[in-house]
Number of protein chains: 2
Amino acid sequence: MLDRALTLDELLCFSLYSANHAMGRLYRPLLARFDLTYPQYLVLVALWQQDGRKVSDLGAELQLESNTLTPLLKRMETAGLIRRARNPQDERSVIVTLTDKGRALEGEAAEISNCILAAADADLAELAELRDRLHRLTSRLREAG
Amino acid sequence: MLDRALTLDELLCFSLYSANHAMGRLYRPLLARFDLTYPQYLVLVALWQQDGRKVSDLGAELQLESNTLTPLLKRMETAGLIRRARNPQDERSVIVTLTDKGRALEGEAAEISNCILAAADADLAELAELRDRLHRLTSRLREAG
DNA sequence: TCTATTTAAATCGTACACGATTTAATCGTA
DNA sequence: TACGATTAAATCGTGTACGATTTAAATAGA
């Protein structure tokens, strides 16, 4: 047991916080051109991958609950990117579906990933390895929680 | 140039977002025992490392501006952890100083890092390498921004 | 079948995060 | 020394996050 706290630079959590933060700053101007925030973009990525999902399914993938997702999805609906409708088979759940506008963004936004890759300025294999290490860390942290 | 967006699992940014998120969920209950939020904890870590700093210096280290820090620091002052006082040498700046209570938390909170390390369930060398990879990524992302 | 329980969203209150603006103090230069 | 430019916090509005609670629908058992 240490008798002092680690410094910021020593904390793994802070390196995650900083990297995530720096990533957010890169995404922000790219997404602003589409009037998207970063969490809204993640919702679109999830829906491009598989459309017509329940709020709770999106939440499971993004690790967000209805208290965060409901207002976020309402804003996206107002922006004309998605539709929200009660599931006729089970009126408790709400199905989220892309509009034509929301679907059309997939092609336009594809360049965003390229911009990020260029900014990271590292070869794909290195980034893929970092990504996989992070996935393993995330799994272990969730198991412990 | 890709004509489709990457899936969530393929995005490095999402693996960062998820790992950061999982880390936050692990910290939350540990910090709640001290009535601290995660950003407040980071401010304390920074002050334990070096006390008596300007708001802008804290901001440079945490990558936060006064619009975020000012209300956060006011809450910490109300909680009796820090003091805020205008710098007599330059009344534009505000110096943030730990109270006895804020300083005393360093020893009590030292166990938090150990809990996180235990949850990460990996040897220190592996975590240190991941941390250093993240630092390098953050540097490159900031240069590009 | 009726009711207690469970489930899924939504709502509420608090706390970050950040772009844009405002206020106040200091500095630079004529 | 006066005054425009710069600097540091603070303020304002919007958008996440999240714990706790509420509402409404579906389900399981007596």
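Every chain is numbered from 1, with letters handed out A, B, ... down the list of sequences.
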With the side chain defined as heavy atoms from C-beta on, B:Asp90 is closest, among C:dA25, D:dA17, D:dA10, to C:dA25

In Watson-Crick or G-U wobble terms, with both distances under 3.5 Å, the base opposite C:dA8 is D:dT23

Winner on side-chain proximity to A:His21, out of C:dA17, C:dT11, D:dA9, is C:dA17

Honestly curious: do A:Ile95 and A:Leu64 fall in one hydrophobic cluster under the side-chain, below-4.5 Å linking rule? no

message: Could you check whether any side-chain N or O of A:Ser15 sits under 3.5 Å from a backbone N or O of A:Leu12, counting only pairs where one atom can act as donor and the other as acceptor?
response: yes

Contact under 4.0 Å: B:Lys74 side-chain N or O vs C:dC16 OP1/OP2:
no

Assert: residue with more 5' nearest nucleotide on DNA chain D, out of B:Pro71 and A:Leu64, is B:Pro71

Considering only heavy side-chain atoms of B:Ser56, the closest of C:dT11, D:dT16, D:dA9 is D:dA9

Among the nucleotides C:dA15, D:dT11, D:dG19, whichever has the atom closest to the side chain of B:Arg75 is C:dA15

message: Once you apply a heavy-atom cut-off of 4.0 Å, does B:Asn67 come out as touching a base, just sugar-phosphate, or nothing?
response: base

Separation of C:dC16 atom C1' from B:Tyr38 atom OH, nearest Å, is 13 Å

On DNA chain D, more 5' by nearest nucleotide between A:Leu72 and B:Thr68 is B:Thr68

Under a 3.5 Å distance rule, please check whether A:Arg86 uses its side chain to pair with a backbone N or O of A:Arg92 as donor and acceptor. yes

Does the side chain of A:Tyr17 get closer than 4.0 angstrom to OP1 or OP2 of C:dA17 through an N or O atom? yes

note: B:Tyr41, atom OH; C:dC16, atom P; distance rounded to Å ~ 16 Å

Atom CZ of B:Arg28 and atom P of C:dT14 are separated, to the nearest Å, by 16 Å

Quiz item: Quick one: are A:Val94 and A:Lys54 in side-chain contact, heavy atoms under 4.5 Å?
Solution: no

* Assign B:Arg86 to base, sugar-phosphate, or nothing according to its heavy-atom contacts below 4.0 angstrom with the strands shown. => sugar-phosphate

### Query
Is a donor-acceptor pair below 3.5 Å formed from side chain B:Ser66 to base D:dA10, judging by atom type as modelled?
yes

From CG of B:Leu36 across to P of C:dT14 the rounded distance in Å is 19 Å

query: Is there a side-chain polar atom (N or O) of A:Gln63 under 4.0 Å from OP1 or OP2 of D:dC18?
result: no

Whole-Å distance, A:Asn20 CG to C:dC18 P, equals 10 Å

Practice prompt. Look at B:Thr37 and C:dA15 and indicate whether a side-chain polar atom (N or O) is within less than 4.0 Å of OP1 or OP2.
Written response: no

note: B:Leu58, atom CG; D:dA8, atom P; distance rounded to Å ~ 14 Å

A:Arg92 has its side chain closest, among D:dG15, C:dT6, D:dG19, to C:dT6

Do the side chains of A:Arg33 and A:Glu111 get close enough for a salt bridge, i.e. N-O under 4.0 angstrom?
yes

Look at all strands and tell whether B:Glu65 reaches a base, only sugar-phosphate, or nothing, counting heavy atoms closer than 4.0 Å.
nothing

Give a yes/no on whether any side-chain N or O of B:Gln89 is located under 4.0 angstrom from OP1 or OP2 of C:dT26.
no

Rounded to whole Å, CE of B:Met23 lies from P of D:dC18 at a distance of 15 Å

Looking at B:Arg53 and B:Ala46, would you say the former's side chain and the latter's main chain have a donor-acceptor pair under 3.5 Å? yes

Practice prompt. Using only side-chain N and O atoms of B:Ser93, determine if any of them is under 4.0 Å from OP1 or OP2 of D:dA8.
Written response: no

Here the distance between atom P of D:dA9 and atom CG of B:Leu73, to the nearest Å, is 10 Å

